[in-house]
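Let me begin by presenting the structure, written as structure tokens, before commenting on it.
Just follow the structure's listing: the first ligand is 1, and inside any ligand the first atom is 1. As the structure is a prediction and not an experimental result, all values here were calculated from the model.
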Amino acid sequence: MASLSLEKMKDLDRKDPLRDKRKEFALPKGKIYLDGNSLGCLPKATVSRVNDVVTWEWGEDLITSWNKADWINLPARVGAQIARLVGAEADEVVAADSTSVNLFKVLSSALKMQSGRTKIISEKGNFPTDLYMMQGLIEQLGGQHELVMVDDDKVMDHLDDDVAVLSLTHVNYKSGQFYDMAAITKAAQDKGILVIWDLSHSAGALPVDLNGANADFAVGCGYKYLNGGPGAPAFLFVARRHHDKAQPPLSGWMGHAAPFEFDADYRPALGVKRHLCGTPPVIGMSALEESLKVFDDVDMAKIRKKSVALTNLFIELVEDKCADQGFELASPRDADARGSQVSFSHKDGFAIMQALIDHGVVGDFRAPNIVRFGFTPLYVGYEDVWNAVLILEKIMKNDIWKQDKYHVKSAVT
Ligand SMILES: *Cc1c(COP(=O)(O)O)cnc(C)c1O
């Protein structure tokens with residue numbers, strides 16, 4: 001511990017191979033932003049790109065931009081950029097819709113491919129929208145299917161011949177714990193089960209190898225570690241071997257083999273494109289495309305290495321400087337099982353997080369008692385971690401969080 005000091009942090013930042021990436025972001029002034037796992041920061045280039053799209057592509061060129069600016073191929077282009085980050089082929093991923101809707105789509109396709117099997121296995125602690133979408137789809141399909149929500153460490157025990165689909169989130173949103181994608185996929189496929197991975201907290205945060213793990217389907221979020229902006233389009237992956245078999249439930253014209261023939265009958269496009277539905281949100285998708293360029297010259301292994309160093313450092317510092325303050329580590333201590341976030345449980349977590357945010361350290365709170373901190377290696381440095389923990393220490397030791405104003409809840413936490 002004695003070896004840790006502000007000087008040491010500055011030195012680590014100087015030696016950081018990703019240090020120049022930070023300059024590509026418009027970071028909020030006077031704040032330490034540890035919430036890139038909820039909403040990633042704004043890449044500077046995205047500001048002028050969105051301005052150009054609105055001013056010129058829309059304002060001047062109007063309808064001609066579908067061809068001239070190639071708006072029509074945005075979902076495939078952005079999909080190809082994301083594919084590189086998640087171990088997929090360029091034409092196995094498209095950007096579209098929201099994560100919730102994409103999960104509905106691929107789950108529906110997968111269930112259809114598994115007729116005769118009735119169970120969907122997921123985890124009790126999965127992100128709620130994923131579970132809600134499964135429940136809604138089961139209703140929609142007439143209730144012949146059953147969702148079995150199991151404890152996170154019991155997934156392997158529930159893989160049997162009645163299971164149609166296993167649907168899991170790779171990195172858990174609360175704890176940051178992640179699954180061994182390859183091992184679980186293999187175990188499920190050995191029983192004839194199709195596997196859907198939600199990569200919302202993985203894409204852009206750590207190396208993911210969908211094809212290395214022989215994944216069947218995946219979905220994920222555009223506004224977290226991919227920095228696409230609020231409500232950015234999400235993405236979906238369908239393994240090439242399923243391209244002909246996976247039938248889209250939302251058979252919109254953008255997924256038609258020839259949308260501009262205006263044929264009265266639906267014919268699905270070849271490949272992953274059939275999982276597009278309606279007209280893409282061009283402004284949002286252009287923002288995502290520009291933001292993804294930040295990843296063009298970085299290696300996910302470097303991002304991962306720094307992420308592990310930052311999260312290890314944060315845990316070590318909190319446990320030293322805020323020992324006996326009621327914090328309990330709620331993420332795996334072993335970095336090999338932890339994504340790019342650290343969570344602590346604390347009975348007064350809500351007020352503590354409000355006080356932290358008010359003092360310039362932005363993390364978030366997840367009910368009932370989790371304070372959560374995301375570390376985006378592209379723009380968070382070692383000195384940030386050090387300063388964040390000093391501010392947390394001050395808030396705890398001076399009882400700042402006890403002030404009434406930190407106990408008022410807003411709609412979004
Ligand atoms: C963030 C997140 C989502 C978000 O879904 P939206 O449809 O974009 O609101 C879904 N699933 C997981 C696991 C997430 O972390």
Determine, for Lys21 against Asp16, whether the closest basic-nitrogen to carboxylate-oxygen distance falls under 4.0 angstrom.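 No, this pair does not count.
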Heavy-atom distances under 4.0 Å decide this one: backbone, side chain, both or neither, for [X] against ligand 1?
X	value
Ser200	side chain
Thr99	both
Val101	neither

Check whether any side-chain heavy atom of Phe327 sits under 4.5 Å from a side-chain heavy atom of Ile352, and report yes or no.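 SC-SC contact between Phe327 and Ile352 confirmed.
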Do Trp197 and Tyr179 touch side chain to side chain, with heavy atoms closer than 4.5 Å?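 They are in side-chain contact.
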Atom indices of ligand 1 within 4.0 angstrom of [X] heavy atoms, with elements:
X	value
Asp130	10 (C), 11 (N), 12 (C), 13 (C)
His201	15 (O)
Thr169	13 (C)

So which heavy atom in the protein is nearest [atom], and how far is it from that ligand atom?
atom	answer
atom 7 (O) of ligand 1	Ser100 OG, 2.6 Å
atom 15 (O) of ligand 1	Lys224 NZ, 2.5 Å
atom 8 (O) of ligand 1	Tyr223 OH, 2.9 Å

Just by distance, do the side chain of Ser122 and the backbone of Ser167 share a donor-acceptor pair under 3.5 Å?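 Yes; at least one donor-acceptor contact below 3.5 Å.
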Once you measure the plane-to-plane angle for Phe350 and Phe365, does it fall in the parallel (<30°), tilted (30-60°) or perpendicular (>60°) bin?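 Perpendicular: the ring planes of Phe350 and Phe365 meet at over 60°.
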From Ser38, Ser343, Ser175, residue fulfilling side chain to side chain donor-acceptor pair (under 3.5 Å) relative to Arg372: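 Exactly one option meets the side chain to side chain donor-acceptor pair (under 3.5 Å) with Arg372, and it is Ser38.
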Applying side chain to side chain contact (heavy atoms under 4.5 Å, CB included) between Leu356 and each of Ile32, Ile400, Val362, Ile391, report the one that passes.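 It is Ile391; the other options fail the test.
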